Amino acid sequence: MKKTILLTGGAGYIGSHTCVELLNKDYDVIVVDNLSNSSSESLKRVEEITGEKPVFYKINVLKKEDFRNVFKKHAIHAVIHFAGLKAVGESTEIPLKYYHNNITGTLTLLSLMQEYNVKNIVFSSSATVYGEPATLPITEDFPTSTANPYGSTKLFIEEILKDLYKSDNTWNIALLRYFNPVGAHPSGKIGEDPNDIPNNLMPYISQVAIGKLKELSVFGNDYSTHDGTGVRDYIHVTDLAKGHIAALSKLDTAPGLIIYNLGTGQGYSVLELVNAFAKITGKAIPYKIVNRRLGDIAACYANPQKAAKELNWKTQFGLNEIVRDAWNWQTNNPDGYR
Ligand code: NAD
Ligand code: UD1
């Protein structure tokens, strides 16, 4: 029998790509999303890619009674919990909104899961929980800390899930710490669709390349990295989506509480990304060097060996495919889903 997976936040960037991979693997998919940072058009595109439509509920996970109806109606095997607010800068300005949405939203979800005896969950955590790592690459046993309310919500939710598991080890919980998700589905039909001026590097470069933004500001060239600009582990969103399926399979065969880095293991600097983008797209990427961005660290990349060994999961796409697919998405959808 097909397993039904509930995706909170499934209309968003990573959620929509995960819908595609789940439908391709013959899971039934239910999406609960309030569309606060996404559009239901993404789910129509998922159907264009896969020929199948996820069941969609426009519900805020904070609205418990509305959300309850989804649990009443469907026999859910597992939940992948993407729903959350994710803008770091905004989280420092309106922290209560972030704590309420991300943490109360998770508590609401978990209490419904408990009530309806759905005890398999995959949670979208982030490499941000490692703070500024003392050494590189980062393994899952590194100490954790946070520097902003967004990061704190990720770390607190991890702690909540660990406590839940301690209290009742019939729960099966995967904490997936994403490095920097970028790129788009190779079809060019779904991708990242920022509402406003992008905060993150890759969508910003794409919009400079297409002429929507004038130039990139490179936040600092005086870091202790090989060219002075920040180094990150950019992972293709399709590889990341597949990591969720690997985690679901792991929870089915070897239950418990598991933590994995989802990254490539390879760090690239801002300038390397700019150069790759210019080379692959043939477009000039004008940039200027400006001051460091508050809260940024010099370098961050994963040791992905644990996921490779235990989940049998490895990234397949490199920087060229990342840029190719980001550009394909950007040129096919210059205004995103609008
Ligand atoms: P996204 O904003 O595209 O997707 C999140 C989705 O959750 C959106 O569709 C939004 O409408 C929905 N949502 C938010 N609050 C909700 C609520 N109360 N009820 C129902 N739906 C709600 O972001 P994404 O990039 O796809 O990220 C998915 C998850 O992964 C988030 O939890 C994010 O923090 C985490 N994450 C993202 C990154 C990244 O760089 N994109 C890195 C690490 C972790
Ligand atoms: C950011 C968040 C992080 C979050 C992640 C995924 C901050 C401080 N960190 O990570 O918590 O988990 O997104 O959502 O916001 N850069 C520029 N110019 C730009 C944009 C970025 O030079 O216009 C540089 C940054 O300094 C960094 C690199 O590009 O070195 C990547 O930045 P970004 O894409 O924002 O991701 P992170 O900062 O790694």
Side-chain angles (χ1 to χ4, degrees), residues 7-18 31-40 42-43 57-63 66-67 80-92 97-98 100-102 104-106 108-109 123-131 146-148 150-151 153-154 157 176-182 191-195 197-205 207-208 213 215-221 223 225 229-235 237 240-241 244 262 267-271 273-274 287-301:
L7 272 56
T8 70
Y13 172 46
I14 304 169
S16 56
H17 288 79
T18 306
V31 168
V32 165
D33 199 304
N34 65 355
L35 305 181
S36 59
N37 195 39
S38 54
S39 151
S40 58
S42 66
L43 299 177
Y57 295 94
K58 183 170 185 261
I59 289 177
N60 186 330
V61 297
L62 289 160
K63 303 260 183 206
D66 296 348
F67 199 6
I80 307 182
H81 184 34
F82 295 107
L85 298 173
K86 64 166 184 177
V88 174
E90 189 183 64
S91 81
T92 62
K97 184 174 173 189
Y98 273 68
H100 184 54
N101 190 77
N102 294 5
T104 315
T106 303
T108 309
L109 166 69
F123 172 60
S124 297
S125 189
S126 166
T128 193
V129 301
Y130 294 115
T146 65
N148 54 66
Y150 165 74
T153 68
K154 292 295 168 195
I157 293 168
L176 302 183
R177 294 175 176 162
Y178 311 158
F179 281 68
N180 287 56
V182 286
E192 189 167 11
D193 181 20
N195 269 336
I197 295 179
N199 299 311
N200 298 113
L201 180 63
M202 199 59 182
Y204 202 104
I205 296 182
Q207 294 197 12
V208 171
L213 295 169
E215 65 182 352
L216 171 73
S217 294
V218 175
F219 298 144
N221 66 349
Y223 285 106
T225 59
T229 66
V231 166
R232 297 289 183 276
D233 184 337
Y234 296 97
I235 173 172
V237 63
L240 182 67
H244 294 75
L262 296 185
Y268 288 105
S269 73
V270 176
L271 291 182
L273 223 68
V274 167
Y287 69 84
K288 63 170 184 237
I289 308 289
V290 301
N291 288 338
R292 293 179 178 195
R293 179 172 66 180
L294 201 69
D296 273 358
I297 58 175
C300 170
Y301 51 90

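Since the structure is predicted, the reported quantities are computational estimates derived from the model, not experimental observations. We count ligands from 1, going down the list as the structure has it; atoms in each ligand are counted the same way.
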**Study point:** ligand 1 contact on Asn101 by region, counting heavy-atom pairs under 4.0 Å
**Key:** side chain
Check your understanding: Distance-only, no hydrogens or angles: does the Ser42 side chain make a donor-acceptor pair with backbone N or O of Ala11 under 3.5 Å?
Key -> yes
Practice item. Take Leu240 and Ile14, measure what side-chain contact (heavy atoms from CB on, under 4.5 Å) needs, and give me the verdict at the end. Key: CA-CA 8 Å; Leu240 182 67; Ile14 304 169; 3.7 Å; yes
**Study point:** Tyr234 backbone acceptor or donor facing Tyr301 side chain under 3.5 Å
**Key:** no
**Study point:** Centroid-centroid distance, His244 to Phe123, less than 6.0 Å
**Key:** no
Point to revise | Side-chain donor or acceptor of Asn200 paired with backbone N/O of Met202 under 3.5 Å | key: no
Check your understanding: Between the main-chain N or O of Asn101 and the side-chain N or O of Thr104, is there a donor-acceptor pair closer than 3.5 Å?
Key -> no
Review point. So is Ser125 close enough to ligand 1, meaning a heavy atom under 4.0 angstrom away?
Key: yes
Check your understanding: In terms of atom number and element, which parts of ligand 2 are under 4.0 angstrom from non-hydrogen atoms of Ser126?
Key -> 12 (O)
Exercise for review: Return the minimal non-hydrogen interatomic distance between Lys86 and Tyr98, and the atom names on each side.
Suggested key: N-CE2, 3.7 Å
Practice item. Determine whether the side chain, the backbone, both or neither of Val231 has a heavy atom under 4.0 Å from any heavy atom of ligand 2. Key: neither
Check your understanding: If you count the atoms of ligand 2 from 1 in the order shown, which ones are under 4.0 Å from a heavy atom of Thr128?
Key -> 11 (O)
Review point. Got a donor-acceptor contact below 3.5 angstrom from the Tyr13 side chain to the Val237 backbone?
Key: no
Check your understanding: What part of Leu201 sits under 4.0 Å from ligand 2 if we count only heavy atoms: the side chain, the backbone, both or neither?
Key -> both
Practice item. With heavy atoms only and a cut-off of under 4.0 Å, state how Glu192 meets ligand 1: side chain, backbone, both or neither. Key: neither
Point to revise | Gly267 backbone acceptor or donor facing Asp233 side chain under 3.5 Å | key: no
Practice item. Any chance you could lay out the side-chain contact (heavy atoms from CB on, under 4.5 Å) test for Ile205 and Leu216, step after step, and finish with the verdict? Key: CA-CA 7 Å; Ile205 296 182; Leu216 171 73; 4.2 Å; yes
Exercise for review: Using non-hydrogen atoms of the residue, decide whether Arg177 is closer than 4.0 angstrom to ligand 1.
Suggested key: no
**Study point:** Heteroatom proximity flag, Tyr178 to ligand 1, N/O under 3.5 Å
**Key:** no
Exercise for review: Count the heavy atoms belonging to other residues, nucleotides or ligands that lie under 6.0 Å from OH of Tyr57, then report whether that count exceeds 12.
Suggested key: yes
Practice item. Starting from atom 31 (C) of ligand 1, find the nearest protein heavy-atom neighbour and note its residue, name and distance. Key: Phe82 O, 3.1 Å
Check your understanding: When you measure from atom 5 (C) of ligand 1 to every protein heavy atom, which one gives the shortest distance, and what is it?
Key -> Gly84 O, 3.9 Å
Check your understanding: Is there any N or O on His81 that sits under 3.5 Å from an N or O of ligand 1?
Key -> no
Point to revise | N or O contact, Val61 vs ligand 1, cut-off under 3.5 Å | key: yes
**Study point:** Contact check, Asn180 vs ligand 1, heavy-atom distance below 4.0 Å
**Key:** no
Review point. When you measure from the side chain of Thr229 to the backbone N and O of Val270, does any donor-acceptor pair fall under 3.5 Å?
Key: yes
Point to revise | Numbered atoms of ligand 1 (with element) below 4.0 Å of Ile59, judged on heavy atoms | key: 19 (N), 20 (C)
Check your understanding: atom 31 (C) of ligand 2: which of Tyr234, Tyr268, Tyr204 has the nearest heavy atom?
Key -> Tyr234
Check your understanding: Which of these, Arg232, Glu90, Arg293, has its nearest heavy atom closest to atom 38 (O) of ligand 2?
Key -> Arg293
**Study point:** Atom indices of ligand 2, in the order listed, that fall short of 4.0 Å to a heavy atom of Asp296
**Key:** 8 (C), 25 (C), 26 (O), 38 (O)
Point to revise | Which of the ligand 1 atoms, numbered from 1, are nearer than 4.0 Å to a heavy atom of Ser36 | key: 10 (C), 11 (O), 13 (N), 14 (C), 15 (N)
Review point. In the protein, which heavy atom is nearest to atom 24 (C) of ligand 2, and how far is it?
Key: Val270 CG2, 3.6 Å
Revision key, fill the gap. Of Ile297, Asn221, Val88, the one whose closest heavy atom lies nearest atom 2 (C) of ligand 2 is Val88
Study note, to complete from the structure: Heavy-atom proximity to atom 36 (O) of ligand 2, picking from Val274, Val182, Asn180, Thr229, points to Asn180
**Study point:** Within reach of ligand 1, part of Ala127 (heavy-atom separation under 4.0 Å)
**Key:** neither
**Study point:** Asn102/Leu85 under side-chain contact (heavy atoms from CB on, under 4.5 Å): CA gap, chis, key distance, verdict
**Key:** CA-CA 7 Å; Asn102 294 5; Leu85 298 173; 3.9 Å; yes
Point to revise | Short side-chain donor-acceptor distance under 3.5 Å, Thr106 and His81 | key: yes
Check your understanding: Checking Arg232 against Tyr268: charged group under 6.0 Å from the ring centre and within 45 degrees of the axis?
Key -> no
Point to revise | Atoms of ligand 1, numbered as shown, that sit under 4.0 Å from any heavy atom of Lys86 | key: 2 (O), 23 (O), 24 (P), 25 (O), 34 (O), 41 (N)
Exercise for review: Starting from atom 19 (C) of ligand 2, find the nearest protein heavy-atom neighbour and note its residue, name and distance.
Suggested key: Phe219 CE1, 3.2 Å
Study note, to complete from the structure: protein heavy-atom neighbour closest to atom 26 (O) of ligand 1 works out as Ile14 N, 2.8 Å
Check your understanding: Under 4.0 Å from ligand 2, counting heavy atoms only, is it the side chain of Tyr150, its backbone, both or neither?
Key -> side chain
Practice item. Walk me through it: do Thr8 and Ile80 pass the test side-chain contact (heavy atoms from CB on, under 4.5 Å)? Key: CA-CA 6 Å; Thr8 70; Ile80 307 182; over 6 Å; no
Check your understanding: Taking the side chain from Ser125 and the backbone from Arg177, do they hold a donor-acceptor pair closer than 3.5 Å?
Key -> no
Practice item. Answer whether the closest heavy-atom distance between the side chains of Phe82 and Ser124 falls below 4.5 Å. Key: yes
Point to revise | Per-atom contacts, ligand 2 versus Asn199 - under 4.0 Å to a heavy atom | key: 20 (C), 35 (O)
Check your understanding: Are Asn60 and Asp66 close enough that a side-chain donor and a side-chain acceptor fall under 3.5 Å?
Key -> no
Practice item. List every atom of ligand 1 that sits less than 4.0 Å from any heavy atom of Pro181, numbering the atoms from 1 in the order shown and giving each element. Key: 38 (C), 39 (C), 40 (O), 41 (N), 42 (C)
Point to revise | Side chain, backbone, both or neither: the part of Ser217 lying under 4.0 Å from ligand 2 by heavy atom | key: backbone
Exercise for review: Answer yes or no for Gly105: is there a heavy-atom contact with ligand 1 below 4.0 Å?
Suggested key: no
Review point. Of Ile205, Ile14, Val290, Asn200, which has the heavy atom at the shortest distance from atom 13 (O) of ligand 2?
Key: Asn200
Practice item. Mark up the atoms of ligand 2 that fall under 4.0 Å of a heavy atom belonging to Val218, in ascending order. Key: 22 (O)
Point to revise | Ligand-side contact atoms (ligand 1) for residue partner Leu35, heavy atom cut-off under 4.0 Å | key: 11 (O)
Practice item. Please name the pair of heavy atoms, one in Ser217 and one in Val290, separated by the smallest distance, quoted to 0.1 Å. Key: CB-CG2, 3.7 Å
Study note, to complete from the structure: Near Ser124 (heavy-atom distance under 4.0 Å), the atoms of ligand 1 are 29 (C), 30 (O), 32 (O), 35 (C)
